[in-house]
Protein chains: 2
Amino acid sequence: MSDEATRLEAARDEFVTRWGIMGAQWGINRTMAQIHALLMTAPDVMSTDEVMDDLEISRGNAHTNLKDLVGWGLIRIVTKKGERKEFFEAEKDVWEIFRRVARERKRREIDPALETLRSCKAATDDMKSKDGKAFNDQMDQLEDFVSFASKMGDRVASMQHGKAIKLAMKIFG
Amino acid sequence: MSDEATRLEAARDEFVTRWGIMGAQWGINRTMAQIHALLMTAPDVMSTDEVMDDLEISRGNAHTNLKDLVGWGLIRIVTKKGERKEFFEAEKDVWEIFRRVARERKRREIDPALETLRSCKAATDDMKSKDGKAFNDQMDQLEDFVSFASKMGDRVASMQHGKAIKLAMKIFG
DNA sequence: ATGAACTTTCAGTAAATACTGAAAGCAGAT
DNA sequence: ATCTGCTTTCAGTATTTACTGAAAGTTCAT
């Protein structure tokens with residue numbers, strides 16, 4: 001049984017490491033992804049010091065990334081009565097994780113992108129030359145597509161998990 | 001009319017710059033995103049030297065990123081008869097751009113992620129302890145969700161643009 | 001075989017990003 | 001008012017990533 005505990009620790013380590021590498025590819029800081037993986041698979045809440053020890057990182061690093069994860073809504077602060085320390089706990093429901101990531105990426109990345117596209121389009125709305133019209137049209141197409149996709153994402157992310165699955169089944173057999 | 005040309009150039013510059021910043025947030029190299037923006041809004045094919053001049057970057061940098069974009073299927077090499085030089089042209093259809101990005105991200109990022117999840121799950125399939133079971137279950141849920149989402153993405157990306165729009169309309173009014 | 005017109009590679013360098021550790025800040029207990 | 005236990009900040013440093021420019025490679029014409 002202690003063998004099982006050892007193997008579990010190894011599997012979890014593997015997961016944390018690889019999730020970190022993946023996060024980096026997605027433009028997310030490696031440590032942040034690792035802490036997320038660690039907490040997603042933690043049987044209990046963890047303190048900053050436990051995270052520091054497990055990942056062998058500094059207090060500053062742990063602190064910053066824990067707070068960023070709270071900002072993304074992917075983990076939350078838990079306090080134990082009688083203890084002054086903060087503990088952290090991850091959202092474990094995958095659908096809920098998806099919803100929160102979707103919501104934040106929209107807010108942080110999609111909305112500003114749409115702003116850019118709209119402003120580049122607006123700046124060329126009155127143009128008469130072939131090139132001016134082509135540019136304006138390209139901005140328009142991009143804007144249309146991104147805003148449409150964003151709306152679809154919103155709709156899906158605001159559904160209950162069960163409903164989303166049913167819908168997908170209906171569409172794709 | 002020359003005023004219009006100047007304003008167009010400014011709008012295009014703005015687009016290129018901002019697309020680069022956005023790319024960086026998405027884990028894509030800034031120069032690559034800028035070249036993509038430049039070519040998406042280019043009235044004609046462009047040579048490596050033209051890209052170098054427009055963005056004020058070195059030959060090596062231009063070369064590497066142009067080839068990477070070809071690897072993503074977002075631009076293609078065009079040759080002019082009588083000329084030995086290579087020219088580049090971007091895919092401008094937004095739906096097609098979406099499909100190619102979706103396909104590549106699946107191949108490069110989603111599939112390896114699934115591999116990780118499966119292997120971490122498999123390593124704990126036989127566990128009996130509460131913690132072991134919980135970890136195994138978490139991996140299973142993640143795997144299920146990611147593979148399901150990936151399949152949905154595939155289906156959508158393999159549709160014709162018109163069909164996808166119709167489907168979306170049908171679902172979401 | 002030589003050279004012209006290009007493409008590709010890569011060692012070295014610059015820039016961006018992430019991390020550390022120590023100091024400062026804060027709040028409740030004494 | 002001071003101490004204790006904890007959180008937060010940040011200047012300095014390390015690491016990673018991107019870029020340059022020059023040299024080497026390729027291809028085709030002569």
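Lettering of chains follows the sequences in order, A, B, ..., and the numbering in each one begins at 1.
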Exercise for the section: Identify, residue by residue, the members of residues 66-85 of chain A with a heavy atom below 4.0 Å from DNA chain D, and return them in order of residue number, or none. Expected result: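 A:Lys67, A:Arg84, A:Lys85 - these, ordered by number, are the residues of the stretch whose heavy atoms sit under 4.0 Å from the strand.
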
Completion exercise
Going 5' to 3' through nucleotides 16-22 of chain D and flagging B where a protein heavy-atom sits under 4.0 Å of the base, S where only the sugar-phosphate is that close, and - otherwise, we get --SSBB-

Handout entry: Atom-to-atom span, CD of A:Glu86 to C1' of D:dT8 - whole angstrom
Key = 10 Å

Exercise for the section: Rounded off to whole Å, could you give me the CE-to-P distance for the B:Met52 and C:dC6 pair? Expected result: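 Distance, rounded to whole Å: 13 Å.
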
Handout entry: Residues A:Asn61 and A:Asn65: side-chain donor-acceptor under 3.5 angstrom
Key =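 Yes, because at least one side-chain N or O of A:Asn61 sits under 3.5 Å from a partner of the opposite role on A:Asn65.
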
Practice task
Establish, from distance only, whether the side-chain atoms of B:Glu4 and A:Ser129 form a donor-acceptor pair under 3.5 Å.
Solution key: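 Side-chain D/A pair, B:Glu4 to A:Ser129: present.
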
Could [X] and [Y] be called an ion pair, given the rule that one side-chain N must be under 4.0 Å from one carboxylate O?
X	Y	result
B:Arg76	B:Glu86	no
B:Asp125	B:Lys121	yes
A:Glu14	A:Arg18	yes
A:Glu96	A:Arg99	yes

Exercise for the section: If the plane angle is over 60° it's perpendicular, under 30° parallel, otherwise tilted; pick one for A:Trp26 and B:Trp26. Expected result: tilted

Handout entry: ILVMFWY network linking B:Val70 to B:Val45, side-chain heavy atoms under 4.5 angstrom
Key =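 No, B:Val70 and B:Val45 fall in different hydrophobic clusters.
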
Exercise for the section: Tell me whether the OP1 or OP2 atom of D:dT7 has a side-chain N or O from A:His63 closer than 4.0 Å. Expected result: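 For D:dT7, OP1/OP2 do not have a side-chain N/O of A:His63 under 4.0 Å.
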
